[in-house]
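In what follows, a structure is listed as structure tokens, so that the remarks can point back to it.
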Amino acid sequence: MAWRGWAHRGWGCGQAWAPPRGGRSCNELITALAPPRLLGRRFNFFIQQKCGFRKAPRKVEPRRSDTGSSGEAYKRSALIPPVEETVFYPSPYPIRTLIKPFFFTVGFTGCAFGSAAIWQYESLKSRVQSYFNGIKADWLDSIRPQKEGDLRKEINKWWNNLSDGQRTVTGIIAANVLVFCLWRVPSLQRTMMRYFTSNPASKVLCSPMLLSTFSHFSLFHMAANMYVLWSFSSSIVNILGQEQFMAVYLSAGVISNFVSYMCKVATGRYGPSLGASGAIMSVLAAVCTKIPEGRLAIIFLPMFTFTAGNALKAIIAMDTAGMILGWKFFDHAAHLGGAVFGIWYITYGHELIWKNREPLVKMWHEMRTDGPKKGGGSK
């Protein structure tokens, strides 16, 4: 029985064995089985070296976020949260991972523009009533005693001094600040990583394409994006209007993330992305395409000015080079996707989408006007 146990555990080179319970030790077993002439000093030393070591247990390596070095690449960027403890699951069939994001992108874009058309209809319908309500409020304020240092009055005064574009993006900026504060809560880190970063190797694919547009982990990243959005807000809202701008902004965020998905699947460089840069690039590209002769300047170098058209060409060239060369600090594919969408929309999309909204608005109008008649059957 001792011989069988020893032979079964291995006698080959490089294999270790352990004596069965209750059996003999290694040296005693060799002495009993080997011929006396082989028990020289040299052979006995060799046997002791093999019996004195056991095979180390195999270490299980944690699953990496991808097959290449993209995990290390994303760790180098200070704009995204650390991903050391995050496990991603790249699909064995990468193309299939783009099916749901594609339909989500198309469906969300259609819903965004449809909702914007209905929003514009409701806004136009309520303007007459708001006008008369405003006249009545001004009359009441004139006969009502004014309070000195009224905080609400000061806030209203500040709000009324803002342009339509600045008032529109104020809500977007507030949402970004709120999400930035949520990143600072340690207990929400996993939830934020799951739903507020977009990654085709994640289990959640669709909702992060929109939520990551309002997500920033770095204060500098958020401040830079919000400054650019605030600077171009008046121009873009004057061009498109409040409702159409919101549809373009939200759609651009989702479309830019889908372009990022496609680039990551094509290159195999999976990793999380977040930020409003893709949506803001569409705003910048739309304004620069509509007003190519406008003069722009860098905030830190105001003495150097350049045309909006040249600035757009430089940005597209830089993001194209970054996507091809695999630069890892920014998501250049998302930037490029947002810029291309902004150029396309201001050139063709406005004619194809927004000017063909009349059937939807007419159907909504019929639903609004026929609803009370059907409900009031007793009249």
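Remember, predicted model here, so these are calculated numbers, not experimental data.
- Judged as a side chain to side chain contact (heavy atoms under 4.5 Å, CB included), and not counting sequence neighbours, the contacts of Thr170 are Trp159, Leu162, Trp230.
- The shortest non-hydrogen separation linking Leu205 to Tyr261 is O-OH, 2.9 Å.
- In this structure Phe245 satisfies the ring-ring contact (aromatic ring centres under 6.0 Å, His included) test together with Tyr249, sequence neighbours excluded.
- Side-chain atoms of Leu188 and Trp183, non-hydrogen and from C-beta on, never get closer than 4.5 Å to each other.
- Separation of atoms NE2 (His365) and CD (Glu122) is listed at 11.0 Å; rounding is to 0.5 Å.
- Taking all atoms of both residues into account, the shortest heavy-atom contact from Ile316 to Thr320 is O-OG1, 2.7 Å.
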Original post:
Do Val169 and Met226 pass the side-chain contact (heavy atoms from CB on, under 4.5 Å) test, and can you show the C-alpha distance, the side-chain angles, and the key distance before you say yes or no?
Top reply: CA-CA 9 Å; Val169 302; Met226 296 302 102; over 6 Å; no

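- Pairing each heavy atom of Phe180 with each of Ser218, the nearest pair is CE1-C, 3.9 Å.
- The structure places CG of Asn161 at 10.5 Å from OG of Ser163, a figure rounded to the nearest 0.5 Å.
- A 4.5 Å side-chain heavy-atom check between Gln120 and Trp354 finds at least one atom pair inside the cut-off.
- Taking the ring centre of Tyr195 as origin, the terminal cationic atom of Arg190 falls outside the region bounded by 6.0 Å and 45° from the ring axis.
- What you find for Gly271 and Lys264 is that their closest heavy atoms are O-NZ, 2.7 Å.
- A continuous path of ILVMFWY side-chain contacts below 4.5 Å connects Leu210 to Ile99, so both sit in one hydrophobic cluster.
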Could you give the side-chain donor-acceptor pairs of residues 101-109 under 3.5 Å, partners two or more places apart or in another chain?
unit_1 : atom_1 : unit_2 : atom_2 : d
Thr105 : OG1    : Pro101 : O      : 2.7
Thr109 : OG1    : Thr105 : O      : 2.7

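- Using modelled atom types, no side-chain atom of His216 and backbone atom of Ala223 make a donor-acceptor pair closer than 3.5 Å.
- Scanning both residues, Ala117 and Leu360, for their nearest heavy atoms gives CB-CD2, 4.4 Å.
- When atom types are taken as modelled, the side chain of Ser115 and the backbone of Ala112 share no donor-acceptor pair closer than 3.5 angstrom.
- Two residues are said to be in side-chain contact when any heavy atoms from C-beta on lie closer than 4.5 Å; Thr213 and Leu250 fail this criterion.
- Note on Leu178 and Met246: separate hydrophobic clusters, where clusters join Ile, Leu, Val, Met, Phe, Trp and Tyr whose side-chain heavy atoms are under 4.5 Å apart, directly or indirectly.
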Compile the donor-acceptor pairs under 3.5 Å between side chains in residues 281-291 and protein atoms, sequence neighbours left out, one pair per line.
unit_1 : atom_1 : unit_2 : atom_2 : d
Ser282 : OG     : Ala279 : O      : 2.5
Thr289 : OG1    : Ala285 : O      : 2.6

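- Taking 4.5 Å as the limit, some side-chain heavy atom of Asn257 sits within range of a side-chain heavy atom of Ser212.
- How far OG1 of Thr97 is from CE of Met262: 11.5 Å, rounded to the nearest 0.5 Å.
- Side chains of His221 and Asn225: a donor-acceptor N/O pair is present below 3.5 angstrom, by distance only.
- Considering only heavy atoms from C-beta on, Phe217 comes within 4.5 Å of Leu274 through its side chain.
- Residue pairs satisfying the salt bridge (charged side-chain N to carboxylate O under 4.0 Å, His left out) criterion with at least one member in residues 353-362, sequence neighbours excluded, are listed as follows: Glu351-Lys355.
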Return a table of donor-acceptor pairs under 3.5 angstrom between the side chains of residues 339-347 and protein atoms on other chains or two or more places apart.
unit_1 : atom_1 : unit_2 : atom_2 : d
Tyr345 : OH     : Gln244 : OE1    : 2.5
Thr347 : OG1    : Ile343 : O      : 2.7

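- Expressed to the nearest 0.5 Å, how far OG of Ser273 lies from CZ of Phe330 amounts to 12.0 Å.
- Contact check for Thr191 versus Phe196: no side-chain heavy atoms found under the 4.5 Å cut-off.
- The distance from atom NE2 of His350 to atom CD1 of Ile353, rounded to the nearest 0.5 Å, is 10.5 Å.
- Between Glu243 and Ile118, the closest side-chain pair of non-hydrogen atoms is not below 4.5 Å.
- The closest side-chain donor-acceptor pair between Trp119 and Gln242, if any, does not fall under 3.5 angstrom.
- In this structure, Thr305 OG1 and Leu296 CG are separated by 9.0 Å, a value rounded to the nearest 0.5 Å.
- Of all heavy-atom pairs spanning Ala333 and Ser260, the tightest one is CB-CA, 4.1 Å.
- For the pair His335 and Met318, the minimum side-chain heavy-atom distance is 4.5 Å or more.
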Subject >> Derivation of the side-chain contact (heavy atoms from CB on, under 4.5 Å) call for His332 and Ile324 >> reply: CA-CA 9 Å; His332 296 280; Ile324 296 174; over 6 Å; no

